[in-house]
Enquirer: 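Okay, handing you the structure first.
Hydrogens, waters and symmetry mates play no part in the numbers below; they use all other heavy atoms, side chains included. It should be emphasised that the depicted structure is a prediction, and the values quoted were computed from it without experimental measurement. Protein chains get the first letters and strands the later ones, always in sequence-line order, with residue 1 at the start of each.
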Amino acid sequence: MTVLVHRETRVLVQGITGHQGTVHTRQMREFGTNVVGGVTPGKGGSTVEGVPVFDSVRAAISATRANASCIFVPAPFAKDALLEAVDAGIPLSVIVTEHIPFHDMLVMYHYARSQGARIVGPNCPGVASPGVAKIGIIPNVVFRPGRVGVISRSGTLTYEIVNGIKEVGLGQSTCIGLGGDPVVGTSFVDALPLFQEDPETDVLVLVGEIGGTAEEEAADYIQHHFTKPVVAYIAGRSAPPGKRMGHAGAIISRGRGTAETKLAALKAAGAQVARFPYEIPDLVAAIVAREAHR
Amino acid sequence: MTVLVHRETRVLVQGITGHQGTVHTRQMREFGTNVVGGVTPGKGGSTVEGVPVFDSVRAAISATRANASCIFVPAPFAKDALLEAVDAGIPLSVIVTEHIPFHDMLVMYHYARSQGARIVGPNCPGVASPGVAKIGIIPNVVFRPGRVGVISRSGTLTYEIVNGIKEVGLGQSTCIGLGGDPVVGTSFVDALPLFQEDPETDVLVLVGEIGGTAEEEAADYIQHHFTKPVVAYIAGRSAPPGKRMGHAGAIISRGRGTAETKLAALKAAGAQVARFPYEIPDLVAAIVAREAHR
Amino acid sequence: MVKLAEWRGKDVFRKYGIPLPKGAVARSPEEAVSLVRAGTVPLPCVVKAQVLAGGRGKGGAVRFATSASEARAATEAILGLEFKGERVKEVLLEEKLVLSKELYLSLTLDRSARLPVLITSAKGGVEIESVDDTEIDRQSVDPFPGLTGYEKRRAAQVLGLTGGPAKSLDRVLEALWRLFLLEDAELVEVNPLAVVGDGLVALDAKVIIEDDAAFRHPEFADIRDDRTPLEEIAREKDIAFVQLDGNIGVIANGAGLTMATLDVLKEFGGDPGVFLDLGGTDDPQKVTEAFLLMARARPKAVFLNIFGGVTRCDTVAKGLVEAMRQVPAAERFPLIARIRGNNEKEGIEILRAAGVTSIPSLKESAQAVVAAARGPA
Amino acid sequence: MVKLAEWRGKDVFRKYGIPLPKGAVARSPEEAVSLVRAGTVPLPCVVKAQVLAGGRGKGGAVRFATSASEARAATEAILGLEFKGERVKEVLLEEKLVLSKELYLSLTLDRSARLPVLITSAKGGVEIESVDDTEIDRQSVDPFPGLTGYEKRRAAQVLGLTGGPAKSLDRVLEALWRLFLLEDAELVEVNPLAVVGDGLVALDAKVIIEDDAAFRHPEFADIRDDRTPLEEIAREKDIAFVQLDGNIGVIANGAGLTMATLDVLKEFGGDPGVFLDLGGTDDPQKVTEAFLLMARARPKAVFLNIFGGVTRCDTVAKGLVEAMRQVPAAERFPLIARIRGNNEKEGIEILRAAGVTSIPSLKESAQAVVAAARGPA
């Protein structure tokens, strides 16, 4: 039992014949992921990295019994790819593609939800459980099996932090990169219950960003429902108001969603708060040491 | 425990100030239904049949904790009324209104479903459990508490049959008139599990019509999942092909959905089949007598 | 069910940008000639009877012309034909295209799935009923996201299209989907959808608009469909009235009860021919109007079978008595009544005062009607 | 974020049938005069600077005119004003309407609900930020059924509208909703929406189109937004580049890492001013281009902080080395690098060969950058 992925996860790569699709198919397989097939319309019958390619998700499922999808198809076609996965019965789709219009994502999110399917992303690094499976693009080198869970709205910063956890001699249970887009399939509040119930996770690291109120909602959930220790970090404390630092998730607007409101809420919820990313591993190590002494 | 309605059902009447809304509010109350309020935009603050009227479903719920709605609003506005009920959190809406365009009903059905709400109807007589509650327009006089369940696609024919059951000295647990429109919120297959699980129901009467394949699907469900005795009747056996007899549910098209295919499927599923409506009460009475002797 | 004639369906297709052959409607041979001479209809052309019934090809209602005079002759031959009871009043003249494939495409409602369904077949140009089920592909389309790219790709695959025709199919499908939604269609059918050069052309167009959505489409209000004159009057008065062969009139309320009544009458050897469904009304005047309409159909006997719900028994009785007062003596007919349900007692009393007895049993009352229709023994 | 100037927003409003005052854009006082003389702009009229910043009223950028010569004078006064750093190049002249109420209306995204939200307030005509929260109504709108009748009724109630203006509101809301969806808007705002006689008129229009949907809206491709010249070049090259005051340049990959880097630099007293997010690329040439762009911003020192994922460390190192070769000696700056992650070893080796040392610790590397920016002690 890990979060979202497990040993029976059979991954389909939509957009496998593109450059990113091919590179990450290889890396997922190197991680130990059971990548069973790929989909690129018109390329059915070929293989990529030894993985069979199909023309449609339905055909791929018939042949491979895939039960998860990793979507790399370009933004203008990502909505269609996700709808195809959902309609074919795929319960979990990780969307790596960036720059998907949020109006598309609104349809994708609500449609998937109505059909009982989950989306992670878009514009996200994906999900990884060391020793089990990875769906997405987080570099393999940062991982090591362990009992620290990580959820993050950031991409690269997540790698940095996960790597830091490894460098202090600890390891990760599951790491989920949620993506920082305005509309995400899985938010902190959606992911927290999974870690609460996951017997493999002892401590949780939560990496947020300025903008939006997802961290405030996470704090509220932590306060009332989450019983494991949490270390939190919010990036962008010193970002100038009103300027975006790269993606829409990082706009500060109307005095809400600032680093201050987020940090205050997380502190009030009992989380330990790191001021800088390099403080996180030490805070986690201290918690692990303390718990071991109980 | 009865089907769909129970003693805690608190009914809101949408379109209460219209003629039908007013008449049936009175009749529902005479049946013993707890009609807690009505909604007609612009008429908030008045009363109908002693029931307070509100401008919106949300306002009505705040004041009355209504948990079911009976919709009488005219067809062009019925979609909006249902969406309002669903968005306000009403879990069960019975739509009496007829002539709702099926394109509207497609949106209504799928939206309600995505929000976890149930629709009965449209163009339906509604739900009634004698001694408990009624939502809809089935005449009160035909009922008597008992242990025969009834589900029907017809309107008036249902009254006739329910009345016949009363006249042979039996009574009904719950009667659901599903409506005969092309798209219904609750079909035979949706309603059958409710009767299967209902401890108040011993025998089920299923009243179908020619057109569509709802009865064939019901037969399939009965064969595999339904353990109580069933008496079935299909209206329109002698209807001329290709002519509609009143509503869109009664078109025979392309050799499917004929009375013959329906009757054959129901017989094969173990149901007793009545050739005429007046045979139903006797068949039910015989089953009840036989079960009593076991 | 508002069925559009081919040319009207094509007008709707045009509005949504679906490619069509060049053509125009003519209502006389002269008009046909001037359309050809003006170049509105290029030669060679097809001349097609504008009737709602299918299978025109076999009935001589589709002809070809390579000159204006042939177009005149073809139009002359077709106009005035009767086709399954429908007189041809219009022909559609269209350029005859060189096509390489005939395909089938339609959108309609799948009641069981409660979803629109896209039906495609590479076997176009014949009635779809005659095509083997294995050659027909069905895809449910969810109205929330709408028709998706992957559904269009599967359609292209089923139809064996690639390149230009596949791109054209994308646009045709998008347009058909929008038409289906925005025009409240029950059915949109293109058969055949032809591959012409590098693109697609809709050679036929079948569009049926849902009756219940007519309030949103006043532009189709003049369409009469295939109704009898009495049915047309009934429609205007918003009375559900169906006229067939047979001599017993049935007035009931609700489609199910009407059909059950029909079943019982047939069982006892009756020959019901006019059905009037009062539906849910409690306006006695509407009942009177319905009853007078029934009288005009000249039935041998009439069976009034009412179970009072929304429609109360006393309302029906009152309307009935008023109607009987208005029917001329020459047009009177035996009336057997059975009224049950809401306000039953009051209704029975009103009928009794007017000399009509209500028979409570469906079986017995049906037998009485059949006997009355046979006339005195 | 493609922000449309008021007049362009109003062009979009017009396309969707939202009622507007009569008016036109002028780029010179002469043009203003001829618009008034031709009757295109009725008198009295309002002359408004076309800038993206809010609060124009207080800055003298909105004036009134009752004659052509007053219109000339107002236009003259406004053109050439600088408004929060933006020079006014266009004015919008519009008839001055007699209004009885000023309302607020907008549609935008509610990220938490993952739904569009309709925001209404009866307190229009002032910046919505200054309106008390209790006077602002928010309704989530589900994209599947779309904006419903009951939501429109609640909006009318909040805005205190009945009769004609309420009917007008229905149409305005329907149009705004369609605009929001079809134009891929992040924000559509009408403030004020004025009650004029028996109807509504949009006196202002704010429309922001989502950047990510720009591929669907080539008609807005020419809009430059409030970017610096270097930001504009970056945008054309598809490089995420933000220029502010400050003397340290930061090249990182990913928004989160960029922000975290900024946080650390500030902590150690640094003053970062240019941010360049490489995002996910593995094209060395793109890295070179990004780096040359950074050089043109003339930072005192540059911090390269990369964690390799999609962007591999060796790719970045290669691109960097090539860029350093191209930067003129006069424009060189101290460079502190920290590269970790995918292909870390290869990247470090390439940098080392070019004379750049990668410092593995974020803390230490940040301290080194801050020191370098201060210059030799």
Enquirer: Do you know the tightest heavy-atom contact between B:L157 and C:L257?
Expert: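 Closest heavy-atom pair between B:L157 and C:L257: CB-N, 3.7 Å.
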Enquirer: Kindly compute the distance separating CZ (B:R275) from CG (C:D263), expressed to the nearest 0.5 Å.
Expert: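 Result: 9.0 Å between the selected atoms.
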Enquirer: Check this for me: does any side-chain nitrogen of one of B:E279 and C:K363 sit under 4.0 Å from a carboxylate oxygen of the other?
Expert: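 Judged by the 4.0 Å cut-off on N to carboxylate O distance, B:E279 and C:K363 do not form a salt bridge.
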Enquirer: A side-chain contact here means heavy atoms from C-beta on lying under 4.5 Å apart; do B:H110 and C:L115 qualify?
Expert: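 Answer yes - side chains close enough.
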Enquirer: Within a 6.0 Å radius of atom CD on C:E219, are there more than 12 heavy atoms belonging to other residues, nucleotides or ligands?
Expert: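 Enclosed.
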Enquirer: Side chains of B:V107 and C:F144: closer than 4.5 Å at any heavy-atom pair?
Expert: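 They are not in side-chain contact.
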Enquirer: Where does B:P277 contact chain C at under 4.5 Å (heavy atoms): side chain, backbone, both or neither?
Expert: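 For B:P277, side-chain heavy atoms alone lie under 4.5 Å from chain C.
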Enquirer: To the nearest 0.5 Å, tell me how far C:I306 CD1 sits from B:T156 OG1.
Expert: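 If we round to the nearest 0.5 Å, C:I306:CD1 and B:T156:OG1 are 8.0 Å apart.
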Enquirer: Heavy-atom pairs under 4.5 Å with chain B are the metric here; pick the option from C:A214, C:A213, C:A260 that has the most.
Expert: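 Looking at each of C:A214, C:A213, C:A260 in turn, C:A260 comes out on top.
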Enquirer: If I measure from the heavy atoms of chain C, does B:Y233 come under 4.5 Å with its side chain, its backbone, both, or neither?
Expert: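 For B:Y233, the side chain is the part near chain C, not the backbone.
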Enquirer: Which atoms of C:F241 are under 4.5 Å from chain B, going by heavy atoms: the side chain, the backbone, both sets, or neither?
Expert: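 No part of C:F241 comes within 4.5 Å of chain B.
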Enquirer: Can you check whether C:N342 reaches B:Q27 side chain to side chain, under 4.5 Å on heavy atoms?
Expert: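 Yes; the side chains approach each other to less than 4.5 Å.
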Enquirer: Once you round to the nearest 0.5 Å, how far does CZ of B:F102 lie from CZ of C:R114?
Expert: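 Atom-to-atom, B:F102:CZ and C:R114:CZ are 14.5 Å apart.
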Enquirer: Can you say whether B:I138 sits under 4.5 Å from chain C via the side chain, the backbone, both, or neither, judging by heavy atoms?
Expert: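 Neither part.
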Enquirer: Just grab all the salt bridge (Lys or Arg N to Asp or Glu O under 4.0 Å) pairs involving residues 303-314 of chain C, residues at least two apart or on different chains.
Expert: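 Those involving residues 303-314 of chain C are C:D282-C:R312, C:R312-C:D314.
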Enquirer: With rounding to the nearest 0.5 angstrom, report the NE2 to CZ distance, B:H99 to C:F215.
Expert: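 Result: 11.5 Å between the selected atoms.
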Enquirer: Crowded around B:F77 CZ? As in, over 12 foreign heavy atoms under 6.0 Å?
Expert: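 12 or below, so no.
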Enquirer: I need the residue from C:L109, C:L362, C:T261, C:L181 with the largest number of non-hydrogen atom pairs under 4.5 Å to chain B.
Expert: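 Winner by heavy-atom pair count: C:L109.
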Enquirer: For a quick test of reading the model, state the closest non-hydrogen atom pair linking B:S154 to C:G256 and the distance between them.
Expert: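 Of all heavy-atom pairs spanning B:S154 and C:G256, the closest is OG-CA, 3.5 Å.
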Enquirer: Report yes if some heavy atom in the side chain of C:R216 is under 4.5 Å from a heavy atom in the side chain of B:D104; otherwise report no.
Expert: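 Side chain of C:R216 against side chain of B:D104, heavy atoms only: contact under 4.5 Å found.
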Enquirer: Between B:V142 and chain C, with a heavy-atom cut-off of 4.5 Å, which part of the residue counts as in contact: side chain, backbone, both or neither?
Expert: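 For B:V142, the side chain is the part near chain C, not the backbone.
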Enquirer: Give me the atom names and distance for the closest heavy-atom approach of C:D184 to B:P101.
Expert: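 Closest heavy-atom pair between C:D184 and B:P101: OD1-CB, 4.3 Å.
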Enquirer: So that I can tick it off, tell me whether C:R111 and B:E217 are bridged by a salt bridge, with the cut-off set at under 4.0 angstrom between side-chain N and carboxylate O.
Expert: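 The answer is no: the pair does not qualify as a salt bridge.
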Enquirer: In terms of heavy-atom proximity below 4.5 Å to chain C, should B:I161 be classed as side chain, backbone, both, or neither?
Expert: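 It is neither, since no heavy atom gets under 4.5 Å.
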Enquirer: Near B:R26 CZ, under 6.0 Å, is it more than 12 heavy atoms from other residues, nucleotides or ligands?
Expert: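 Yes - once you tally the heavy atoms of other residues, nucleotides and ligands closer than 6.0 Å, there are more than 12.
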Enquirer: Contact part of B:Y109 toward chain C, heavy-atom cut-off under 4.5 Å: side chain, backbone, both or neither?
Expert: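 Only the side chain of B:Y109 comes within 4.5 Å of chain C.
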Enquirer: Based on non-hydrogen pairs under 4.5 Å, which of B:I234, B:I100, B:V207, B:V23 is most in contact with chain C?
Expert: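 Highest number of heavy-atom pairs under 4.5 Å: B:I100.
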Enquirer: Side chains of C:F307 and B:N163, heavy atoms from C-beta outward: is any pair under 4.5 Å?
Expert: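 In contact.
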Enquirer: If every non-hydrogen atom of C:A185 is compared with every non-hydrogen atom of B:H103, which pair is closest and at what distance?
Expert: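 That would be O-NE2, 2.8 Å.
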